[in-house]
Every structure is written in structure tokens, then in C-alpha cells.
Amino acid sequence: MAASANQLRINLAINDTVHGLDIDPRTTLLDLLRETLDLTGTKKGCNHGQCGACTVHVNGQRVLSCLTLAALCDGVQVRTIEGIGTPDDLHPMQDAFIAHDGFQCGYCTSGQIMSALAVLEEPWGPDAAAIKEAMSGNICRCGAYPNIVAAVQEVRKGLEVDRNA
Amino acid sequence: MNLESKVIGKPVSRVDGRLKTTGTAQYSADQRPSEDRPMHAVLVKSGIPSGRITGFDLSAVQGMDGFVRFLSHLDGALIRSIKNPADGSFAAGEEYTPFESDRVDFVGQHIGLVVARALETAEAAAKAVVVKYEASTARIAFDSPDAEVRQPILYNTGEELQVSRGDVDAALAKATHTVQATYTTPIEHHNPIEPSATLAVWDGDHVTVYDATQGSVNDKNYVAFGMSLDPENVRVLNPFIGGGFGCKGFTWPHSLIAAAAARVLDAPVLLVLSRKDMYTSCGHRPYTEQEVTLAADTDGVLTATRHLTDSYRSPVGDHVEPCGLTTAMLYRCDNLEVAHNVRVLNRPSGTPLRSPGEAPGTFALESAMDELAEKLGMDPVELRRRNHTDIDQRNGRKWSSKHLLDCYDRGAERIGWARRRAPGTWREGKDLVGLGMATACYPGYRTPTQTRLTLDRDGTLHVAVAVQDIGTGLYTVLAQMVADRFRTSPDTVRVLIGDSDLPPGPLAGGSMTTASVAAAVDDACRVLSETLRARLVKIGKTLGNEPLVVDGGALRTGALSVPMTELIPTGSPAIAAEGGTNDIYGFAGGVETDKSFYSFGAIFAEVRIDRDYGIIRVPKMTGVFDVGRVINAKTARSQMLGGMTFGIGMALMEETFIDDKTGRFVNPSLGEYYVPVNADVHELDVEMLDIPDYDFNPFGARGLGEISNVGASAAIANAVYNATGIRVRHLPIRLDDLLEGLPR
């Protein structure tokens with residue numbers, strides 16, 4: 001993409017790869033990931049910060065990428081679902097979501113997992129009620145909530161995931 | 001039969017789980033099929049409820065860097081005129097042809113499309129298009145005095161909407177115990193987290209449509225009709241769909257608009273609906289007013305039942321919310337009247353939303369049953385037992401398999417029904433506690449389905465059918481069904497669905513996919529087995545009658561074991577078989593049978609209500625379901641959790657408001673239309689009776705997508721009454737409905 005007068009230059013690291021990009025100042029981090037970089041694992045559910053499907057990590061903290069202007073991401077480290085695990089090399093949280101069936105349609109799942117991973121680093125209490133609260137910014141319309149809580153709790157407790165449970 | 005199966009009924013983890021948890025499952029808007037980056041399209045929607053478009057002012061748009069094209073009815077016949085009922089090859093959510101005329105019938109109607117190279121430009125341009133209108137009189141309010149009122153004859157399943165038997169008035173005149181009340185349910189929206197999205201890619205006269213649809217075959221036929229193509233020249237791909245709940249069931253104008261734009265521009269076009277678009281572009285559950293009258297003798301036996309439903313339709317969409325259909329079949333009653341009226345209003349079109357009719361209808365019926373039990377001084381479960389029947393009240397047929405009484409027993413035990421007390425008397429700390437219950441039911445449907453099975457040289461079985469997994473677990477269920485028939489592991493089965501070029505199957509709606517594919521897969525497995533046996537004989541093997549086993553790289557039967565490489569020599573094609581069925585169950589024109597097919601269940605809810613603030617919580621719900629054989633214990637339980645969660649939303653949160661003056665939905669966002677979040681959902685307890693229904697199909701499964709939100713809102717409403725003594729006859733029930741009357 002050629003730089004033009006109304007474009008901005010940003011440099012940012014996404015999943016440990018550094019990108020130098022000329023962007024439209026209106027572009028959100030979500031649209032940058034999806035439409036410019038084809039990192040389509042991050043989903044757009046509402047584009048208003050109300051559903052959580054677009055959750056990614058910026059400098060280690062969970063953010064709603066639909067409410068984050070890419071122009072403000074110069075110099076940051078972004079991690080998306082593509083930087084967590086692959087089908088052949090799952091992160092334990094991904095394994096736990098599969099074992100506990102923490103999704104149905106799968107569309108909110110990238111956001112759920114990015115939130116769940118951030119929750120591991122946040123100061124939440126140990127019980128399920130704390131996880132329900134911590135995960136309430138991520139809507140699952142299919143209604144997998146009890147299974148999501150079970151998956152997150154299992155990873156938090158460092159238990160081995162029983163894939164046939 | 002397969003009760004001893006090693007795979008049927010087991011909690012097999014989803015075979016597509018690795019894709020869905022790593023962001024590698026590609027939904028419609030994720031597809032990048034061509035070298036050319038798709039152009040981005042954004043809808044321009046009508047801002048008035050009735051009238052005609054007199055022009056578009058594009059002056060603010062023309063100079064935008066990257067703006068490509070604006071399309072509207074002024075661009076000639078982009079889309080072939082679709083006259084309902086069209087050619088019968090598809091079901092559409094609306095009966096009008098987009099971009100055909102200047103006419104506007106509701107706010108949010110698609111009247112234009114902006115296409116630009118970048119999404120940001122398309123969004124800015126769509127906002128900058130100025131539409132000029134000539135408004136005409138609109139009928140928006142539900143009680144608009146001059147709105148046309150219709151009495152539709154049939155629901156889209158072919159079932160009668162106006163039903164009468166016996167003599168209701170005579171029975172009411174003699175009745176000792178009666179209840180009569182009006183219940184209302186609000187406008188509700190599906191709100192799948194994936195918005196509808198269509199990516200259209202043309203290659204000459206052939207178009208590939210990556211569409212977020214619950215029915216690829218239906219979608220293909222719709223696009224073919226609208227684009228004046230042979231259906232063979234349309235391919236719809238939907239390998240992953242981010243939920244639907246009905247709003248992606250029938251096809252909607254945006255799919256045609258995207259295909260038309262891509263054809264005009266000779267470039268791939270991606271149209272992703274915004275969350276706000278979703279409120280007016282693909283249906284909603286319409287508001288209903290339901291008057292229910294029940295009469296019973298002193299033993300609680302129903303002597304009269306009347307269920308009158310008033311709802312509405314848009315000028316261009318013919319959906320009827322069929323609230324009374326459940327009432328016509330569920331309880332034994334000789335004197336019954338069920339009627340449905342619809343007013344024609346200038347509102348966006350309705351469409352089925354998870355359990356259309358059953359969900360709002362059972363809120364009314366099962367609330368009324370609770371009121372009748374109260375009046376009789378009878379336990380609500382006992383009242384339902386006394387009106388239980390083994391005969392379908394609509395047609396006198398026996399149920400193929402009905403274990404509803406067991407559902408009541410198991411549910412009552414699991415929720416601790418014996419703890420229930422008189423209304424408004426159970427207090428724990430600051431909370432008022434109550435228990436409520438309701439009956440759940442949903443029809444068993446099946447439609448024609450064909451399936452192709454292939455056995456590879458490496459021992460892999462491939463099953464292919466044009467169905468789709470909208471989150472139900474169908475990928476996994478299909479792998480289990482094939483694995484069961486060849487006594488192998490689901491890991492050795494590859495599932496190919498989500499492609500309209502495959503042998504045709506049903507759309508994912510009406511809880512019918514599993515039962516439909518069950519019959520087709522069973523048949524295809526039989527054909528493949530015969531083919532394999534013939535092949536074994538041909539290569540000189542002697543066979544007994546023992547079943548075939550696909551065992552890694554070998555095909556076994558009895559003591560015989562033949563390597564796949566011997567069965568399928570180098571250079572030979574894989575062994576393929578096709579099977580299927582044209583049988584229809586549950587719809588008009590179906591198989592002649594002396595049985596009726598329905599799933600049943602019982603839902604119980606415990607509520608706790610803060611005595612000072614009226615806040616309503618649901619600490620526990622129990623659902624016990626009689627849905628035939630469960631194919632996958634894990635994904636089936638998940639669907640039930642999801643339906644019960646839908647029920648919590650319907651009971652306590654969900655409502656779309658319409659402004660009667662402007663015809664606009666007031667709260668078209670997830671910030672103002674509340675759906676349950678994680679913190680709203682507590683213990684959900686699910687039991688499946690797991691009793692096969694082999695009269696319905698060879699795997700004994702019926703279907704379970706919808707039944708778990710049928711009755712759920714009534715169970716919660718009845719629990720609220722039990723906790724507080726306050727009867728709320730509308731949904732959702734909010735704390736302001738309780739605050740004034742709470743027992744102190």
C-alpha cells in the first residue's frame with residue numbers, strides 16, 4: 001500500500017513479527033489485523049466493544065481491538081489467537097476449551113481464549129464466581145458459559161486436561 | 001441395535017475443535033479465495049417506514065478516495081424479480097426483490113449499496129449518501145386501527161394455524177375452575193455473534209458465494225433465481241457459521257445484493273452486515289399477545305382450552321409466530337380452539353427464532369397451567385400428569401416414543417421440588433426463593449437427504465453432504481455415525497459439509513439435521529458395505545455374514561482381513577457409494593404413518609429474588625429431555641445448556657423496543673439489547689433420558705436444538721410467582737415488575 005498524504009506510518013509487533021505499515025487513520029486495530037494482514041482469527045461481532053469477540057493482547061493486557069485505533073498502536077506488541085497455538089500444537093487453554101466443549105459455533109472463541117489467558121495474569125479470586133465475572137465481557141450466544149468456566153478453572157489449577165472427559 | 005456402540009452416545013470432543021480454538025476455522029468474512037482483494041460493501045438502508053425514494057444525493061461521496069460505486073434501484077434490473085412463492089425451490093425471508101423499485105415498506109430496508117476499495121471508505125460513504133423520500137402513511141403501532149388483519153391458514157411447515165375441536169363455549173359454561181389471562185412476549189432478536197456476511201466471487205457465468213447461511217442448498221437456489229442462473233452455476237460455501245438461531249435460516253436480500261454487485265463490478269465483493277444491520281436485515285421474533293383460557297374439573301382434568309394469538313408481519317415478510325400449535329397437541333382436551341391473527345405493519349420482517357411459536361407459546365400456556373394449578377390448589381407437576389396423553393391430540397395418532405412422565409419425575413427429583421413452599425413464603429436471608437416448572441416439547445422433523453461415502457486406500461472414510469454445522473456439533477456427529485457403522489474410530493472419518501455442490505441435505509433449522517442425515521448416512525453405509533462385499537468377492541475372498549470393520553489399513557470381516565492396498569490397488573479410485581432418503585416427516589406432504597413424532601422434556605427453575613431491590617437470579621435450572629438417542633453426549637449437553645441460557649435471556653433480559661412514531665428499533669446493539677453473559681448463568685443441570693426412537697430413523701435420534709428453550713421462560717416466570725406471589729404475564733420480567741408488590 002503506497003503512502004499518501006492522509007496515511008500514517010506505524011511500526012508494531014504482531015505475534016513477535018515486526019510490521020511497518022502505512023494506514024488510514026480511521027483504521028481500527030481489528031480491521032488492520034483482519035483486512036490488511038489477513039489475521040482473520042480475531043473476529044468482529046459488534047464493532048462497538050460490546051461482545052468481546054475481537055479481544056487481543058496489547059503489551060500483555062487484553063483489549064478490544066474494535067475500539068482501538070491502529071494509529072495509537074505504534075510501538076506496541078500485539079498478540080492474537082494466531083500467536084497462541086496451532087491445530088497441531090495447542091496451548092493448554094485451547095486444549096481445555098476442546099475438552100470441556102467451551103464453544104459451539106466457535107465465533108466468540110478466539111476472544112474467549114484471549115480473555116481467559118489474560119485472566120490467568122490478572123488478580124482474580126480463585127473461585128468460579130470470579131471467573132464468571134472476569135469473563136463477562138465476552139458474550140457467547142450459544143451459551144457455553146459453564147463449560148468456559150470449567151476450562152479456565154482447569155488451566156488455572158494446572159490440572160492435566162483429560163481430552164476424553 | 002447400536003446401544004452397545006463404541007461411539008454412539010459417547011462424549012466425543014468436537015472434530016473441528018482444533019480449528020475453532022486456534023482461529024483457523026474460516027467463516028464467511030474470513031475467506032480469502034482470490035488474488036484480488038475483495039471490494040468492501042456497506043448497505044444504505046431506508047430511514048422512513050413507508051413511502052418512496054425520490055432520489056439519492058451522492059455529492060459528498062463521489063470524491064472520496066477509493067469510492068467505487070453506488071448501486072440502487074436506479075441501476076436497472078440487477079436482480080431478477082422474485083414473486084412469491086417464486087419457483088418453490090427456495091424459502092426466502094422476504095417476498096420482495098431488492099433494488100427493484102422505489103418503494104419502501106419499513107425502516108432498515110435495503111435501498112442502496114456502497115462499494116469501495118477499503119472498508120473505512122465504504123462505511124464513510126454509506127453514511128454520506130443522502131436519500132430523498134416521499135413519505136406515505138405508515139402503520140407501526142401494534143394497535144394501529146386501520147392495519148389489515150389476516151388469519152393465515154397454514155404455518156410454513158404446513159400445519160393448520162386455525163384449529164377447532166369440540167365445543168369450547170359449552171365446556172366453559174359448565175366449568176368449575178377456569179383461568180383466563182393475556183400474556184405478551186416482546187420483539188426479540190437472534191443476535192448470533194457472527195453477523196451475516198456474504199463474499200461473492202464470479203468466474204464467467206459461475207458465482208461462488210461464501211455465505212453465512214444455515215442452508216447452503218436453499219441459498220444456492222435463491223441466488224440462482226435472483227441472478228438468472230442455472231443452479232449448477234452457483235456454489236455456496238459455508239464450512240463454518242458463527243451461530244444463526246434462525247436469522248440465517250431462510251435467505252435474505254443482502255446475499256443477492258452482494259452477488260449482484262460483484263457481477264456488475266466484475267470483482268469479488270464482501271458484504272458484512274453491521275450489528276445494527278442485523279436488527280432489520282434478517283428477521284426477529286415478533287411481539288405477541290396471547291389470550292389463554294383453560295377450564296378444568298375438580299380433578300384438574302382439562303375440559304376446555306382456548307389459545308388466541310395476535311401478532312404481526314411486515315408488508316413483505318410472511319412469518320407468523322405460531323404460538324398455539326403446541327397447545328393444540330400437548331394436553332388431553334376434547335374442546336379446543338387455537339387461532340392466530342397477524343396485522344400487517346410497517347415494521348421489519350419477522351422470521352423463526354429458536355423454537356418459533358413454541359418458546360413464546362409455552363410461556364403463555366405453561367404460565368396459564370401454573371395459574372390453574374394455583375386455583376385448583378394442586379401441585380403444578382400433578383396437574384400436568386393428570387392431563388398427560390399418549391395420543392397426539394391433533395390427529396389421534398400414538399406418539400412414536402414419549403417418556404414425558406419420566407421427565408417430570410427426574411426433574412422434580414433433581415431440582416428438589418419437594419422443597420417448594422406456598423407463594424411468597426420461602427425466605428433465606430435477604431432472598432425470596434421460589435421453584436417453578438414447565439413442560440417442553442418440539443416436533444420431530446426430517447427432510448430428504450443424500451450422502452456420499454468414500455473409502456480411501458489409506459483406510460479413511462469420507463462422508464459428504466450439503467448440510468452445515470452452526471455450532472450444533474454436526475461435524476462430530478457425522479463422524480460418529482459413519483464410524484459406528486464400520487466399527488471404527490471417528491478419527492478415521494473425514495467429514496465434508498458446508499458446500500452446496502455436495503449431495504443435498506436440509507438447512508440447519510427445526511432441529512432436523514441429525515435425524516435427516518441419520519437416515520441418509522445409514523443408507524449410504526449400507527450401500528458402501530454391499531459394494532465392499534462385492535469387491536471382496538471379486539478379488540477372490542470368501543465372506544461370512546459378519547459385519548465389515550474398517551480397521552486402520554485393513555478391511556476386516558470375521559476372520560478375514562484384507563489390506564486396503566489389496567482392496568484398492570495402486571491407481572484405482574477410492575470406493576464410493578451414495579445413499580439417501582426422500583422421506584419427509586413432520587411437514588405437509590410427509591410419509592404416511594400411524595405415529596406422531598415429538599420430543600418432550602420438563603424444565604425446572606429455582607429463582608432467588610432480593611427482597612429489597614427485586615433483583616432476580618436463577619441459581620439453578622434443571623432440564624430433563626426425551627429427545628431420542630443422543631449421538632454425542634458432550635455436544636448434546638452443550639446444546640441444552642445453550643437453549644436453557646436462551647430461556648434465561650428470554651425470561652429476564654431480552655427485548656427490542658420499537659418507536660411507534662418513526663418505526664425504528666430503539667436499541668439495536670448488544671449494549672442495549674441484553675443477552676445473558678457469563679455472570680448471569682449459574683448451575684444448569686441437564687439429563688437426557690436417551691431412549692432411542694427407531695421409528696423415526698435408524699440411529700434413533702430425534703433432534704435437540706430448540707426444545708431446551710421451550711418452556712424455560714415459563715418455568716422461570718412460574719418460579720418468580722412462587723417466590724413472590726406476583727404473577728407477571730409479560731416478558732422479560734424485570735425488577736421493576738416486582739418492586740412494589742414484594743412481600744416484606
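Each chain gets a letter, A, B and so on, in the order its sequence line appears, and its residues count up from 1. Bear in mind the structure is a predicted one, so any value in this text is a computation, not a measurement. Because only heavy atoms are used, hydrogens play no part in the values below, and waters and symmetry mates are left out as well, while side chains stay in.
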Minimal heavy-atom distance between B:N678 and A:V149, with the atoms involved, is OD1-CG2, 3.4 Å

Just checking, any donor-acceptor pair under 3.5 angstrom between side chains of B:S638 and A:N147? yes

Rounded to the nearest 0.5 Å, what separation is found between the CZ atom of B:R14 and the CZ atom of A:F103? 6.0 Å

Does any heavy atom of chain B fall under 4.5 Å from the side chain of A:T27, the backbone, both, or neither of them? both

Using non-hydrogen atoms only, which part of B:Q639 is less than 4.5 Å away from chain A: side chain, backbone, both, or neither? both

Whether the side chain of A:K43 engages the backbone of B:G23 through a donor-acceptor N/O pair (distance < 3.5 Å, no angle test) should be reported. no

Using modelled atom types and a 3.5 Å cut-off, is there a donor and acceptor pairing between side-chain atoms of A:R34 and backbone atoms of B:A29? yes

For chain A, find which of B:E123, B:R37, B:Q26 contributes the most heavy-atom pairs closer than 4.5 angstrom. B:R37

Can you name the nearest heavy-atom pair linking A:P146 to B:L684, along with the distance? CG-CD1, 4.2 Å

Most heavy-atom pairs under 4.5 angstrom with chain B, which of A:G41, A:G52, A:S136? A:S136

Do B:T22 and A:Q94 have side chains that get closer than 4.5 Å, going by heavy atoms? yes

Identify which of B:L19, B:N191, B:I648 forms the greatest number of heavy-atom pairs closer than 4.5 Å to chain A. B:N191

With only heavy atoms counted, which part of B:L119 is less than 4.5 Å from chain A, the side chain, the backbone, both or neither? side chain

B:I470 versus A:C105, closest heavy-atom pair with distance: O-CB, 3.3 Å

Determine the minimum heavy-atom distance between B:S13 and A:I98, stating which atoms define it. OG-O, 3.7 Å

Give a yes or no on whether the backbone of B:T21 and the side-chain of A:T109 come within a donor-acceptor separation of less than 3.5 Å. no

Side-chain ion pair, B:R18 and A:D89, N-O less than 4.0 Å: no

Under the 3.5 angstrom rule, does the side chain of A:Q104 hit a backbone N or O of B:T472 as a donor-acceptor pair? no

Would you call A:R141 and B:E194 a salt bridge, using N to O less than 4.0 angstrom? no

Is any side-chain heavy atom of B:T24 closer than 4.5 Å to a side-chain heavy atom of A:P87? yes

For chain A, which candidate among B:G671, B:A118, B:G243 shows the most heavy-atom pairs at distances under 4.5 Å? B:G671

Engaged part of A:A144 at the chain B interface, taking heavy atoms whose separation is under 4.5 Å: neither

Of B:I241, B:L270, B:V12, the largest count of non-hydrogen pairs under 4.5 angstrom with chain A goes to B:I241

Under a 4.0 Å N-O cut-off, is there an ion pair linking B:R637 with A:D101? no

Counting heavy atoms not belonging to B:E672, are there more than 12 under 6.0 Å from its CD? yes

If you count heavy-atom pairs under 4.5 Å between each of B:R354, B:H190, B:M278, B:M644 and chain A, which one has the most? B:H190

Interface residue of largest heavy-atom contact number with chain B, from A:I113, A:N47, A:D38, A:L39, under 4.5 Å: A:D38

What residues, two or more places apart in sequence or in another chain, satisfy side-chain contact (heavy atoms from CB on, under 4.5 Å) together with A:H48? A:C46, A:Q50

Heavy-atom neighbours of A:R26 CZ exceed 12 at 6.0 Å: yes

Can you find a pair of side-chain heavy atoms, one from A:T40 and one from B:R32, that are under 4.5 Å apart? yes

Under a 4.5 Å cutoff for heavy-atom pairs, which residue among B:E683, B:H40, B:K276 has the most contacts with chain A? B:H40

Is it the case that the side chain of A:Y145 and the backbone of B:P676 share a donor-acceptor pair, with hydrogens and angles ignored and the cut-off at 3.5 Å? yes

If the contact rule is any heavy atom under 4.5 Å from chain B, which residues of residues 125-134 of chain A qualify, in numerical order? A:K132, A:E133

What heavy-atom pair brings B:Y27 and A:Y107 nearest, and what distance separates the two atoms? OH-N, 3.4 Å

